[in-house]
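Data block below; observations after.
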Amino acid sequence: SDLSYTSQILFNHKKKFVIIRKRNKRDEKMKEKITLPEEFIQTRKPIMGENWNLYLKEYEKEPIRGLQVNTLKIDIETFKQKFTKKIEPIPYTINGFYLEEELKAGKDPLHHAGIYYVQEPSAMIVANSLSIKKDSIVLDVCSAPGGKTIGISNQLQNTGLIVANEINPTRAKILLGNIERMGISNCVVTNFSVDQLNTLYTNTFDYIFLDTPCSGEGMFRKDEQAVKEWSLDAVENCSKRSLELLETISSCLKTGGYLIYSTCTFAKEENEDIIENFLSHHSYQLLFLPESIQQVTGAGLKTSKPTEKCRRFYPYTGKGEGQFVAVLQKQEEQSGKQTNKSAIQPLTAQEKKIVIPALKEMLSEIPEHIYQYKGKIIYYKKEDFSIPPHQILSVGVTLGTIEKNRFIPHHQFFTTFGKQIKNQLNLEKEDIRVKQYLTGYEIEDENVADGWGALLIEGCPTGGFKASKGKLKNHYPKGLRIFSN
């Protein structure tokens with residue numbers, strides 16, 4: 001990398017640690033100040049004890065970056081052959097790597113093809129905190145931008161169902177974009193509050209992941225804004241909200257199911273205190289995390305409950321930022337069940353006349369489980385899981401829509417079923433047409449048949465086109481395209 005960092009830890013007159021980073025890039029020098037609030041120092045230094053200086057020393061270094069390989073589209077060994085940046089395996093993951101050099105993922109064709117997802121390494125602990133059984137029904141409560149959901153999907157391998165929920169509409173759209181890019185076919189993307197989820201899906205899920213909004217202390221090194229917004233009042237407010245979220249969403253878990261609670265903060269008030277409070281009036285068993293995670297984390301802080309089983313990731317215990325994880329198994333009986341009527345409908349006779357012949361023409365094999373949801377033709381395997389008519393961004397795979405008695409395929413159809421589409425153009429990442437396609441231009445190939453087809457990069461479905469006499473009209477969504485420069 002052409003970036004080098006020299007840092008210095010100072011102690012200013014207001015008794016605040018000031019960490020100055022100088023970034024040298026050719027002749028360019030930039031200074032960046034990160035001031036740790038005095039109240040943070042006073043309250044977190046006792047938690048870290050003799051490791052406090054190690055914690056400060058880590059702020060002399062660049063934040064650690066990582067990525068998840070999307071094993072729905074590519075196996076690990078093939079990925080390592082095609083990915084040219086220096087990487088090292090993350091020991092507690094099944095598909096994670098440390099990024100050892102600079103990467104501009106937004107312009108990388110492999111990223112556009114959904115082959116990998118960039119994620120901070122300590123955050124990968126959450127989805128790897130236990131083994132998820134195939135065919136399970138999983139709820140990711142605060143899912144955006146999608147790292148946990150992608151980690152879960154790599155375990156489920158398109159079996160079962162993932163409900164990826166995000167209450168913020170803007171972030172929910174980002175989440176949906178990542179789900180589509182990855183080719184995940186067993187996911188429903190929702191925009192509910194936890195109260196709505198509790199009403200709709202009592203006693204429903206085998207696993208619930210609650211990565212609750214927090215004070216963000218574990219992100220201080222990579223996010224200066226988190227430092228600026230931090231206060232003890234913010235910690236208290238986050239603590240109250242986290243307990244409310246945990247209490248409410250726990251009713252959605254089946255007896256015997258697993259609840260994974262996580263934050264990216266060091267605050268005991270948002271971590272062990274929440275677990276202690278919750279266990280004081282609920283029958284759950286706190287479980288140990290895998291040995292591979294224990295090796296890069298510290299034990300949870302002591303309370304009246306066995307919260308030492310929780311794990312704390314610090315920048316000095318492993319390569320990453322900061323994370324807290326607790327895994328609980330539900331012992332108490334849970335009554336109730338799904339009560340909402342599903343808005344998913346079978347295709348009408350007229351819709352079948354249009355959709356089925358179009359799919360026969362495009363696909364080597366027509367999938368079962370094709371339905372209609374609010375004007376969209378979808379592929380959805382979990383028919384017994386009801387879907388309401390509101391606050392749903394995506395159900396399974398959006399195959400397309402019917403317009404003027406014609407079936408028009410959707411982008412997600414190509415990213416998910418691209419390998420089954422008969423009309424394909426598979427390009428190596430160095431092919432000049434890859435950049436042209438990702439920029440939005442029409443490309444050419446005289447060997448491609450007329451009609452709808454899928455463009456693959458290194459064998460991985462990326463998007464669609466419509467060919468006519470060797471000219472391939474671009475159907476890569478405008479919002480995903482890269483700039484020509």
Side-chain angles (χ1 to χ4, degrees), residues 43-44 46-47 122 125-133 136-142 148 152 165 193-195 197-198 201-215 217-218 232 235-291 293-294 297-314 317 322-336:
T43 54
R44 303 307 175 244
I47 288 176
S122 71
I125 283 178
V126 180
N128 289 278
S129 58
L130 79 173
S131 295
I132 302 172
K133 294 179 181 178
S136 296
I137 303 176
V138 183
L139 170 62
D140 187 359
V141 183
C142 307
K148 294 187 305 304
I152 294 164
N165 182 72
S193 68
V194 289
D195 290 321
L197 287 168
N198 185 25
Y201 299 118
T202 299
N203 192 23
T204 297
F205 297 97
D206 302 302
Y207 300 84
I208 294 178
F209 287 79
L210 176 60
D211 188 40
T212 183
C214 68
S215 56
E217 296 171 7
L232 289 179
V235 170
E236 183 180 356
N237 290 334
C238 288
S239 176
K240 290 178 180 177
R241 178 174 56 186
S242 295
L243 184 58
E244 290 172 359
L245 291 173
L246 182 58
E247 290 279 2
T248 304
I249 208 64
S250 63
S251 298
C252 296
L253 189 65
K254 295 176 183 176
T255 301
Y258 298 88
L259 199 160
I260 300 87
Y261 175 88
S262 61
T263 73
C264 59
T265 189
F266 305 128
K268 181 171 178 281
E269 300 92 327
E270 299 176 64
N271 295 334
E272 291 89 353
D273 289 354
I274 298 293
I275 301 301
E276 178 189 32
N277 190 320
F278 183 75
L279 290 177
S280 67
H281 54 281
H282 286 284
S283 180
Y284 279 71
Q285 182 182 2
L286 198 53
L287 304 179
F288 286 108
L289 272 69
E291 180 64 28
I293 290 178
Q294 293 188 41
T297 55
L301 304 178
K302 290 184 178 180
T303 66
S304 64
K305 302 296 181 182
T307 46
E308 299 95 318
K309 292 181 180 179
C310 307
R311 302 307 295 182
R312 287 174 156 258
F313 189 109
Y314 298 100
T317 60
Q323 197 77 31
F324 171 87
V325 184
V327 178
L328 304 100
Q329 186 174 24
K330 190 170 190 173
Q331 309 293 310
E332 61 196 23
E333 291 295 322
Q334 179 67 57
S335 60

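Values in this document were obtained by computation on a predicted structure and should not be read as measured data.
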Would the distance check show the side chain of Ser239 and the main-chain N or O of Glu269 forming a donor-acceptor pair, the cut-off being under 3.5 Å?
yes
I would like to know whether Val141 and Leu245 meet side-chain contact (heavy atoms from CB on, under 4.5 Å); could you show each step before the answer?
CA-CA 9 Å; Val141 183; Leu245 291 173; 5.8 Å; no
Should we say atom CD of Glu332 is surrounded by more than 12 heavy atoms from elsewhere, each under 6.0 Å from it?
yes
Is the side chain of Glu217 donor-acceptor paired with the backbone N or O of Phe266 at a distance under 3.5 Å, no angle test?
yes
Report yes or no: does Gln323 contribute a side-chain atom to a donor-acceptor pair with the main-chain N or O of Gly218 at less than 3.5 Å?
no
For residues Gln329 and Tyr258, is any side-chain donor paired with an opposing acceptor at under 3.5 Å?
yes
Trace of the side-chain contact (heavy atoms from CB on, under 4.5 Å) decision for Thr204 with Leu139:
CA-CA 9 Å; Thr204 297; Leu139 170 62; over 6 Å; no
Taking the side chain as every heavy atom from C-beta outward, state whether Leu130 and Leu287 have any pair of such atoms under 4.5 Å apart.
no
Look up atom CG in Asp140 and atom CD1 in Ile260, then write down how far apart they are to the nearest 0.5 Å.
9.5 Å
Under a 3.5 Å cutoff, is there a donor and acceptor pairing between the side chains of Asn198 and Thr248?
no
Would you call the rings of Phe205 and Tyr201 parallel, tilted or perpendicular, taking 30° and 60° as the class edges?
perpendicular
In terms of heavy-atom contacts, Cys214 and Glu270 come closest through CB-OE1, 3.1 Å
If you compare all heavy atoms of Asn277 against all heavy atoms of Leu243, which two are closest, and at what distance to 0.1 Å?
ND2-CD2, 3.4 Å
Which pair of heavy atoms, one from Lys268 and one from Lys302, lies closest together, and at what distance?
CE-O, 3.8 Å
Between the side chain of Lys148 and the main-chain N/O of Cys142, is any donor-acceptor distance below 3.5 Å?
yes
For side-chain contact (heavy atoms from CB on, under 4.5 Å), just list the numbers for Lys305 and Glu272, CA-CA rounded to whole Å, side-chain angles, deciding distance to a tenth of an Å, and then say yes or no.
CA-CA 9 Å; Lys305 302 296 181 182; Glu272 291 89 353; over 6 Å; no
Distance from Ser251 atom OG to Ile208 atom CD1, nearest 0.5 Å?
8.5 Å
Ignoring hydrogens and geometry, is there a side-chain-to-backbone donor-acceptor pair from Lys330 to Leu253 under 3.5 Å?
yes
Please round to the nearest 0.5 Å and tell me the distance separating atom SG of Cys252 and atom CG of Asn203.
9.5 Å
If you measure from OG on Ser136 to NZ on Lys254, what distance do you get to the nearest 0.5 Å?
8.0 Å
Measure the shortest side-chain to side-chain distance between Leu301 and Asn271 over non-hydrogen atoms and say whether it is less than 4.5 angstrom.
no
If you take all heavy atoms of Ile293 and Asn128, which pair is closest and at what distance?
CD1-O, 3.4 Å
Over all atoms of both residues, closest heavy-atom pair of Ala267 and Arg312
C-NH2, 4.0 Å
Test log, rule side-chain contact (heavy atoms from CB on, under 4.5 Å), inputs Thr212 and Leu246:
CA-CA 9 Å; Thr212 183; Leu246 182 58; over 6 Å; no
Ignoring hydrogens, what is the shortest heavy-atom contact between Tyr261 and Ile275? Give both atom names and the distance.
CD2-CD1, 3.9 Å
Answer yes or no: is there a side-chain heavy-atom contact under 4.5 Å between Ile274 and Phe324?
no
What is the distance from atom OG1 of Thr303 to atom CD of Glu276, rounded to the nearest 0.5 Å?
4.0 Å
